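Here the structure is a predicted model, which means the values were calculated and not measured. One-based numbering, in listed order, for ligands and for the atoms of each.
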Amino acid sequence: MNTTLLAQAANEARGLAMDAVHACNSGHLGLPLGCADIGAVLFGEALRYSPDAPKWLNRDRFILSAGHGSMFLYAWLHLSGYAVSLEEVKHFRQLHSITPGHPEFQETPGVEATTGPLGQGVGNAVGYAVSGKRAAARFNTPEHTVFDGHVIALLGDGCLQEGVTKEAIAFAGHNGLDNLILIYDSNDVTLDAMACVTQSENAEGYFTSQNWDAVTIDGHDLAAIAAALATAKANDNGRPKAIIAKTIIAKGIPEVAGTAKGHGEGGAKFITAARAGLGLPADESFYVSAETRAFFASRKAASREWFDAWQETYDAWADANPALAAELTHGLAKAVPTDLSGMIPAFAADYKDATRSAGGIILNAVAKAMPQVLTGSADLFGSTKNYLKDGGDFSKTHPTGRNIWFGIREHAMGAICNGIAYDGLFRPSAATFLVFADYLRGSIRLAALAGLPVTYIFTHDSVGVGEDGPTHQPVETVSGLRVIPNLDVIRPGDAEETAGAYVAAMNRTDGPTALILTRQTIPLMNDLTVSARRDGTRRGGYIAKKESGALAMILLASGSELQHAMAAAADLGAGVRVVSLPCFELFDRQSAEYRECVLPQVCAKRIAIEAGVTGLWWKYVGTQGQVLGIDRFGISAPGDTVMSELGMTKEHVVAAAGA
Ligand SMILES: Cc1ncc(C[n+]2csc(CCOP(=O)(O)OP(=O)(O)O)c2C)c(N)n1
């Protein structure tokens with residue numbers, strides 16, 4: 001390793017960060033400067049990557065969990081020869097640049113995850129490591145190694161303080177993810193203050209207690225960084241690795257280095273002297289020396305050779321193992337069988353159970369048709385019913401397992417599923433009670449923002465939960481999810497609608513889907529054909545009961561309240577239509593003609609019923625309509641009693657129709 005050159009490259013990366021932050025007068029200098037030496041060793045020596053093939057399957061994945069230090073990543077991606085030009089670096093944080101304020105997946109080649117909300121990136125890295133372990137176990141053969149990359153994340157005190165990180169670290173240690181390396185930028189500074197104001201953790205002791213290997217090094221000593229990374233990579237001992245790197249935040253700007261003032265853009269006003277101190281020319285901003293350019297050009301040429309050698313292995317493997325290769329290719333393409341619905345058997349007419357139970361039967365059928373489907377639960381498989389009977393359990397000794405036991409770690413479950421989805425080989429799904437969806441909301445929001453096809457299986461969807469009482473009875477949660485852009489929220493009204501909901505979720509490749517399922521038994525809507533219910537659900541809304549006379553009134557419902565709308569319509573007579581509206585987002589994406597056909601403008605008399613807060617329904621019922629919902633917390637009592645006490649009955653609909 002050429003330490004002289006890498007030290008120079010580190011200072012030039014510091015210069016790029018200083019100039020970029022100075023140019024836009026915003027952003028964070030502390031991490032890009034404090035971790036420049038770590039960056040030099042990672043991108044100049046330790047990481048296996050190929051800038052020409054940023055999605056190379058066997059690359060090491062690098063995740064900047066401390067996303068506020070985004071200029072760290074952009075500087076090193078630029079220097080390494082990714083398609084991140086110096087112009088883009090100069091346009092840091094500007095409109096339409098590929099160098100946004102925080103790293104965004106799909107915006108910038110080499111950015112593996114959207115990070116910024118502290119801690120999420122650690123969970124994503126754990127998800128990548130799960131994916132890597134499973135891929136190696138599933139696809140490698142004694143003759144060919146297609147997958148043996150590492151996942152390396154850089155985090156700060158902020159990430160480490162977050163609960164999601166602690167959950168993810170516990171999961172990784174328990175599951176023996178020895179392909180995972182965390183580099184902890186331990187600079188004793190957070191945003192407001194010195195870190196000692198808010199933390200007194202013994203980091204090495206903490207990691208060790210979680211079944212990790214941990215080592216503390218000087219984060220400015222290039223040889224020590226390289227040695228720690230090499231040891232971590234070489235040691236397949238069933239324990240993830242933590243490298244605690246002691247660094248000086250904002251190193252290079254003496255006025256703020258080592259202090260909380262170094263965290264943000266505060267040091268930018270001192271950069272003229274700082275650039276001189278780092279040996280950067282006074283008359284050229286965004287300076288990169290010819291030596292640094294030449295070094296990374298030769299590394300890029302070498303990376304092409306690594307890639308080509310791997311491609312040969314891959315081709316030989318694919319020739320020898322066509323079935324495995326097809327499975328991998330389908331997974332990567334997010335392929336879905338064209339007739340997935342046909343692969344889910346219809347429910348018998350007398351099937352009577354909760355949609356969570358129907359969902360379990362459906363998911364098992366989907367998983368048979370789609371080997372890339374994985375599922376997991378936050379210690380509630382028994383209740384969420386999403387266990388794959390033939391799937392096996394993912395574990396240290398059985399990484400091909402398709403059921404992931406997340407433990408009671410909902411937030412990490414969300415972040416880990418995002419990591420699996422970022423990697424793109426498998427289709428993750430995650431289950432818990434709906435009322436706990438808020439525990440993973442930060443990760444759901446990022447899945448929606450990053451366009452990740454994660455499926456959430458949220459059961460126990462209303463006050464129908466019953467005896468567990470208001471702590472366990474969601475009322476605002478479905479609407480709370482519906483307001484997240486790019487998240488489809490589907491609340492099916494019977495077992496066949498649930499099948500349609502799963503088919504819709506699997507066919508969605510550019511964003512997440514939340515399936516909202518009942519704890520309690522609800523009837524099948526047998527008056528409708530199986531395909532009417534499944535296809536109607538895939539369109540988000542459809543006519544569940546057509547009026548037999550002139551249209552006089554429309555009843556709208558989702559989920560367990562569909563039965564009440566149907567029963568009320570039977571009582572109310574010929575002019576009443578029932579519209580099942582399991583998914584607002586899917587329905588809103590239908591053509592104007594289809595929506596008008598289902599909900600004709602001409603009929604203003606409309607009543608919606610749903611066991612939750614009413615606010616979002618008004619756009620469908622209009623100002624002359626009514627919404628029967630629950631704008632309060634629930635009650636501790638048997639589910640049927642609570643439902644009827646809070647007006648979720650046919651009688652209430654009939655009475656409202658007469659009003
Ligand atoms: C969940 C979340 N909370 C708060 C913030 C705002 N924030 C950004 S950086 C930061 C301090 C992070 O400290 P540290 O990780 O030590 O970063 P360093 O000061 O070393 O750059 C905070 C509070 C955030 N991005 N995400």
Tell me if the aromatic rings of [X] and [Y] count as close, with their centers under 6.0 Å from one another.
X	Y	answer
F433	F458	no
F381	W405	yes
H263	H28	yes

Separation of I152 CD1 from F62 CZ (nearest 0.5 Å):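 Here the interatomic distance stands at 8.0 Å.
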
Return the residue, atom name and 0.1 Å-rounded distance of the protein heavy atom closest to [atom].
atom	value
atom 17 (O) of ligand 1	H68 NE2, 3.2 Å
atom 13 (O) of ligand 1	T190 CA, 3.5 Å
atom 23 (C) of ligand 1	L191 CD1, 4.0 Å
atom 20 (O) of ligand 1	N187 ND2, 2.6 Å
atom 4 (C) of ligand 1	L118 CD1, 4.2 Å
atom 25 (N) of ligand 1	G116 O, 2.8 Å
atom 18 (P) of ligand 1	H263 ND1, 3.4 Å
atom 15 (O) of ligand 1	G158 N, 2.7 Å

Atom 6 (C) of ligand 1 touched by protein heavy atom at under 4.0 Å: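 It does not: no protein heavy atom is found less than 4.0 Å away from atom 6 (C) of ligand 1.
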
Proximal ligand 1 atoms for G156, defined as those under 4.0 Å from one of its heavy atoms: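 Numbered from 1, ligand 1 contributes 15 (O).
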
Contact partition for [X] relative to ligand 1, non-hydrogen atoms under 4.0 Å:
X	result
D157	both
I249	side chain
E162	side chain

Beyond-backbone contact of T3 with L222, side-chain heavy atoms, under 4.5 angstrom: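 In contact.
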
Close approach, A66 and ligand 1, non-hydrogen under 4.0 angstrom: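 The answer is no: ligand 1 sits nowhere under 4.0 Å from a heavy atom of A66.
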
P117 touching ligand 1 at heavy-atom level, < 4.0 angstrom: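 Heavy atoms of P117 do come under 4.0 Å of ligand 1.
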
Can [X] and [Y] be counted as an ion pair, charged N to O under 4.0 angstrom?
X	Y	result
D19	K90	no
K246	D188	yes
D178	K133	yes
R275	E284	no

C35/L154 under side chain to side chain contact (heavy atoms under 4.5 Å, CB included): CA gap, chis, key distance, verdict: CA-CA 9 Å; C35 292; L154 179 59; 4.2 Å; yes

